[in-house]
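These notes concern the structure reproduced below.
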There are 2 protein chains.
Amino acid sequence: MMRKAVTLQQVADAAGVSLNTASRAIRADRYVSDEARARVQEAAERLQYRPNVLARRMRGDKARLLGIFVNAIGWGVVHELVDHISEEARRLDFDLVVFSAQNFHDRRRIGTSDLLADLCDGLLMLLPNREDKILDVLERERGNCVLVSFAAREIGLPVVSVDNRAGGRTATEHLLGLGHRRIAFIHGSHATGQSTERQKGYVDALEAAGIAPDPALMVLGNFNPVETRAATTDLLDLAEPPTAIFAANDGMALTVLEVLRARGLAVPADISVIGFDDMPLASYAQPPLTTLRQPSHDIAVRAVHRLLAMIDGEPFDPARELIAAELVVRASTGPLRRN
Amino acid sequence: MMRKAVTLQQVADAAGVSLNTASRAIRADRYVSDEARARVQEAAERLQYRPNVLARRMRGDKARLLGIFVNAIGWGVVHELVDHISEEARRLDFDLVVFSAQNFHDRRRIGTSDLLADLCDGLLMLLPNREDKILDVLERERGNCVLVSFAAREIGLPVVSVDNRAGGRTATEHLLGLGHRRIAFIHGSHATGQSTERQKGYVDALEAAGIAPDPALMVLGNFNPVETRAATTDLLDLAEPPTAIFAANDGMALTVLEVLRARGLAVPADISVIGFDDMPLASYAQPPLTTLRQPSHDIAVRAVHRLLAMIDGEPFDPARELIAAELVVRASTGPLRRN
DNA sequence: CTGAAAGCGCTAACAC
DNA sequence: GTGTTAGCGCTTTCAG
């Protein structure tokens, strides 16, 4: 505990009133005489009394507090989301605490997860992992909880997410429109379902264009540089290498660019690259990266609003809400070079 | 409140034991018969009981929970610090919650600040503002609290920070060593004291080199692009413009680079630029930015350790602890071109 | 208007 | 071993 405990009782004693007259005075309740109120407030001031919020909360008061759970990984997009959610929550006079952990169901962590669940009026889960057991608990209890950018499986909880599948399709169609036919896809992990959905969009676009998806062109980068480098190398070493690469996120796309540069390939003259997310670094890349921009602001606003609706007691509505990503064309994609 | 409240009492009833036997069984206390324990655990499982952490906490249990307060602004360096602190805390089996607000003493916010102060075993304040009233409270109460990168004023609380003054001096000496004599300094706000200290180091180096600091070369960028652009323009329009610019952080240095490029000036041939922080973007800048790297990891580790020492009841020690920043030479600085 | 008492959910003394 | 009791600090009936 942080503070030296000055309790309301002590204030009451100092002011010569009963405990609950003090309570009334502090809370500016109406049923107190001006004189008593003055004495209590003076005593509170002098003793530097601060109410114990835990105690209040345990009595069931609203805290006007929202919790965000984030996986320690993936601070890329997450950071923007947190900022926007924070802003929107504050606008609506809610505070926000962020809890960051690798796995919320870790034996060690469970205490804090529960604590926050107890403490907060509602929870926002950012990019939770499909294995996170806390999702089962939340689903079962139908707590006030909204999932953000979760697509790993069907779940009986409200979800707000970028439309990954449509985005994946848009990215691929952009490449198709430039004349590319051999388009590779580098996927990340399946933990949140983001990459998986983007891949579905990629396949959608290919099939709509009458191109059979080639398994050799779908490789695993796993959202990390090491595997992405290896995957890119494999792709380039193919008998018939791709003329364009769609990486499931910008981080991997940047790594692809790096490998390409190392092999002396020109982008987009020799090969085109497109990412997903539009992270801050994207526009600084060499060349600036074409990508799909996450509608972080809209996602955040919608997620907060739906959470508040639940808190306000509106009927439980586990609908999935998808928000479109915007294609941002920069210099890393270009027309297929005919030989 | 998030959960449907299943209390320990209900579990006890269901198991046909007393409240307190149930408590013992749940906590794996030794003084319970195996049979009672089994019955209680079965009941708890069936009812999906989860202990109310608030209640436990109110009784005074340790939460093994640390709180980080960050100002919503300045997510640049802050984000790295949060990551490292989080990692170190977890290594030591502490959880972490992050509270992000513009001003912690805002009437509206005070509830949450207090709540977290009650809840957490200790608090880490990241780059707090000098005006934050919560600092006065913390100082007065001598709570378990460590300030990170605060240099705005003397304060009776432990502080861990990068050595801004030495860093500012190193940056300036680097420029001096390249032959520069007219070196400008773009400072940020005085809110946290970071910029102010870096400026002191700049002046230190200049004076040590026998150069009188020129007020015309010290301009305000205020950590934002708009004012930084204006400041840079002013500098370049001087009768005798600087040959090198030291920006108090990388963000401003990047803006400087942008203005220089727009004016057709070559970096570092025409003018050198150095920043501070070594944010991720720094190495991607055009040209890659020479800067001072924040020892985020060391700062985080030291801050956590000092906080834990306080929590463990070691004597209060409000010493300031400074950690050196490392000069990272990239391509934005070069020798003075003689005309 | 004010005070006494109950109780939020839990754990730690103290009996049995 | 197990149950009973007394709080943690606060708000809220319910009587005065």
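To find a chain, count down the sequence lines: A is the first, B the second, and so on, and within it residues start at 1. Worth knowing before you read on, the calculation uses all heavy atoms, side chains too, and leaves out hydrogens, waters and symmetry mates.
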**OP:** Look at the side-chain N and O atoms of B:Arg56 and state whether any lies under 4.0 Å from the OP1 or OP2 oxygen of C:dT11.
**Re:** yes
Subject >> Of B:Ala55 and B:Val17, the one whose closest DNA chain D nucleotide lies more 5' >> reply: B:Val17
Which pairs, protein N/O on one side and nucleotides 12-16 of chain D N/O on the other, fall under 3.5 Å?
unit_1 : atom_1 : unit_2  : atom_2 : d
D:dT12 : OP2    : A:Arg27 : NH1    : 3.0
D:dT12 : O4'    : A:Arg59 : NH2    : 3.4
D:dT12 : O4     : A:Asn20 : ND2    : 3.1

For a quick test of your reading: what N or O donor-acceptor pairs under 3.5 Å do the side chains of residues 7-14 of chain A make, sequence neighbours left out?
unit_1  : atom_1 : unit_2  : atom_2 : d
A:Thr7  : OG1    : A:Gln9  : N      : 3.3
A:Thr7  : OG1    : A:Gln10 : N      : 3.3
A:Gln9  : NE2    : A:Asp13 : OD1    : 3.1
A:Gln10 : NE2    : A:Ala5  : O      : 3.4

**OP:** Determine the sole option in A:Val82, A:Thr192, A:Ile299 for which the side-chain contact (heavy atoms from CB on, under 4.5 Å) test with A:Leu126 is passed.
**Re:** A:Val82
Original post:
Considering residues at least two apart in sequence or located in another chain, which fulfil the salt bridge (charged side-chain N to carboxylate O under 4.0 Å, His left out) criterion with B:Arg302?
Top reply: B:Glu321
Subject >> Those residues that, when tested against B:Arg59, pass side chain to side chain donor-acceptor pair (under 3.5 Å) (two or more places apart) >> reply: none
**OP:** Applying side chain to side chain donor-acceptor pair (under 3.5 Å), name anything that partners B:His305, two or more places apart in sequence or on another chain.
**Re:** B:Glu88
**OP:** State, to the nearest 10°, the angle formed by the axis through the first five base pairs of the helix from C:dC1-D:dG16 to C:dC16-D:dG1 and the axis through its last five.
**Re:** 50°
Subject >> B:Glu87/B:Arg91 ion pair, N-O < 4.0 Å >> reply: no
Subject >> Among C:dG9, D:dT11, C:dT2, the nucleotide that comes nearest once only the side chain of A:Leu19 is considered >> reply: D:dT11
Original post:
Does a side-chain N-to-carboxylate-O contact under 4.0 Å join A:Lys133 and A:Asp136?
Top reply: no
**OP:** Using only side-chain N and O atoms of B:Thr21, determine if any of them is under 4.0 Å from OP1 or OP2 of D:dG1.
**Re:** no
**OP:** Locate the shortest heavy-atom distance separating B:Leu96 from B:Leu65; write the atom from each residue and the value.
**Re:** N-CD1, 3.8 Å
**OP:** Write down the distance between CG (A:Asp13) and P (D:dG9), rounded to a whole number of angstrom.
**Re:** 13 Å
